Amino acid sequence: MDRGGGMLMYYRRRGKQQTLKVWRSICTACLLLRDMLWCGTVTQQTAHKNTMVICVLGRYLLKSSLCSRSWCRKSSLYSAGHGFQPEEIREKLRAFPGGAVDLLTQGETGLAVLTVNNPSRMNAFSGAMMVELEERVSQLESWTQGKGLIVRGAAGTFCSGSDLNAVRAISNPQDGMKMCMFMQDALTRLQRLPLVSVALVEGRALGGGSELSTACDFRLMTPDSVIQFVHKHMGLVPGWGGAARLVRLVGDRHALRLLGGALKVDPELGLRIGLADGVLEEGAPQDGDEGAALRQAEEWLSRYTKGPAEVIRAAKRVVSSGRELPLTEALRAEKEVFGTVWGGEANLRALAGKTKHK
Ligand SMILES: CCCC(=O)SCCNC(=O)CCNC(=O)[C@H](O)C(C)(C)COP(=O)(O)OP(=O)(O)OC[C@H]1O[C@@H](n2cnc3c(N)ncnc32)[C@H](O)[C@@H]1OP(=O)(O)O
């Protein structure tokens, strides 16, 4: 079994052990109390009070052990209880064909390129493409050697959101909710991948396209590009998790300006409010070199992905848990990830090499 799979097994086993330990402690404490009550060491009132304390404490411990388990298991956002039936939704979405979501993984560099590919519709997401996106995310979840991911659109533009033809056909509230849960789930899983991810925004990122860009760790913009949450003009708000992520990226006031005003975010505004992390050099597409922006993005990303895969992936994991979990849980998750690199190959090599950080 590879290291990633082994780690997941370790987390699962550890989660079960923790839960068992908590149950065992609750039972032992209750039995002890019962014996003390029989022997007359404690009064009935004290025993009752202590039972309450044990129950509250036990509940807290169980909850926290289950919480770290579910985080490590990369569980879905929604379950059947929320009306989330992924296979049924996939079938519905596949009824709207067109376009593709392509994935290219490079073994030597550990970088992958995910391309939203529907140029005749400015890379709008057909239903079939939503299903393909989820499949590509699953592929990336099993790619244990990966370190970085670039998300881009084909033919010099990023993505114009969901395909309006599909949107019209599923405009009833039930189908809308299903699509919303499906895309939130896929994009949350994309954001949680143990890969440093960057959205390469060329041309336009509109509606769902702007939401997709926020599911990456970073956004690089070409000089003439625009990110625009156009949802207001469609009588909508983001539904692919874009609003929740936007608030975390730029703060609630900027987020409200971007959504309420459907503002066009050019690179200058993007950098100022912290939505963009870099602007690529001028001129490349005009030279007829379509791959130039991608090469620049690869070079930019490689600064953060140089080094052993297990260390880069661990860095992304601790950032993901820090980003999403309450502090106590995040610290516990960090401890677990730390345990996977401490005394590991890269750590021992660095110690033997007397590394200096000049
Ligand atoms: C929760 C998710 C919410 C959402 O994503 S709702 C969707 C939000 N997106 C939009 O409203 C974008 C609508 N499109 C536009 O505003 C413009 O097409 C856009 C992207 C600014 C490009 O404008 P232009 O450069 O003038 O090009 P154009 O309009 O002639 O477009 C070229 C072809 O692409 C098509 N297209 C663009 N965006 C699309 C979309 N989202 N769904 C379906 N088709 C779309 C457009 O209809 C046109 O096709 P055709 O040449 O007329 O056959």
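The first residue of the sequence shown is numbered 1, and numbering continues consecutively from there. Note that ligands are numbered from 1 as they come in the structure, with each ligand's atoms numbered from 1 the same way. Predicted, not measured: the structure shown is a model, and the values here were computed from it.
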Undergrad: To the nearest 0.5 Å, what is the distance between NE2 (H231) and CH2 (W240)?
TA: 8.0 Å
Undergrad: Pairwise, report which nitrogen or oxygen atoms of ligand 1 are under 3.5 angstrom from protein nitrogen or oxygen atoms, and how far apart they are.
TA:
{"from": "ligand 1", "atom 1": "5 (O)", "to": "S162", "atom 2": "N", "distance (Å)": "2.9"}
{"from": "ligand 1", "atom 1": "5 (O)", "to": "S162", "atom 2": "OG", "distance (Å)": "3.3"}
{"from": "ligand 1", "atom 1": "5 (O)", "to": "G208", "atom 2": "N", "distance (Å)": "2.9"}
{"from": "ligand 1", "atom 1": "9 (N)", "to": "S160", "atom 2": "O", "distance (Å)": "2.9"}
{"from": "ligand 1", "atom 1": "34 (O)", "to": "S120", "atom 2": "O", "distance (Å)": "3.3"}
{"from": "ligand 1", "atom 1": "38 (N)", "to": "S160", "atom 2": "OG", "distance (Å)": "3.0"}
{"from": "ligand 1", "atom 1": "41 (N)", "to": "S160", "atom 2": "O", "distance (Å)": "3.1"}
{"from": "ligand 1", "atom 1": "41 (N)", "to": "S160", "atom 2": "OG", "distance (Å)": "3.4"}
{"from": "ligand 1", "atom 1": "41 (N)", "to": "S162", "atom 2": "O", "distance (Å)": "3.1"}
{"from": "ligand 1", "atom 1": "42 (N)", "to": "L164", "atom 2": "N", "distance (Å)": "2.9"}

Undergrad: Check the hydrophobic clustering (I, L, V, M, F, W, Y; side-chain heavy atoms under 4.5 Å; chains of links allowed) and say if F182 and I170 are grouped together.
TA: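 Yes, same cluster.
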Undergrad: Run through D102, T105, L149 and flag the one making a side-chain contact (heavy atoms from CB on, under 4.5 Å) with L114.
TA: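 For L114, the side-chain contact (heavy atoms from CB on, under 4.5 Å) test succeeds with only one of D102, T105, L149, which is L149.
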Undergrad: Does atom NZ of K92 have more than 12 heavy-atom neighbours from other groups under 6.0 Å away?
TA: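 Not more than 12 within 6.0 Å, no.
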Undergrad: Side chains of R219 and T214: is there a donor and an acceptor less than 3.5 Å apart?
TA: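 Judged by distance alone, the side chains do not pair up.
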Undergrad: Give the intermediate values and the outcome of salt bridge (charged side-chain N to carboxylate O under 4.0 Å, His left out) for residues E336 and R317.
TA: CA-CA 10 Å; E336 300 297 344; R317 283 198 174 101; over 6 Å; no
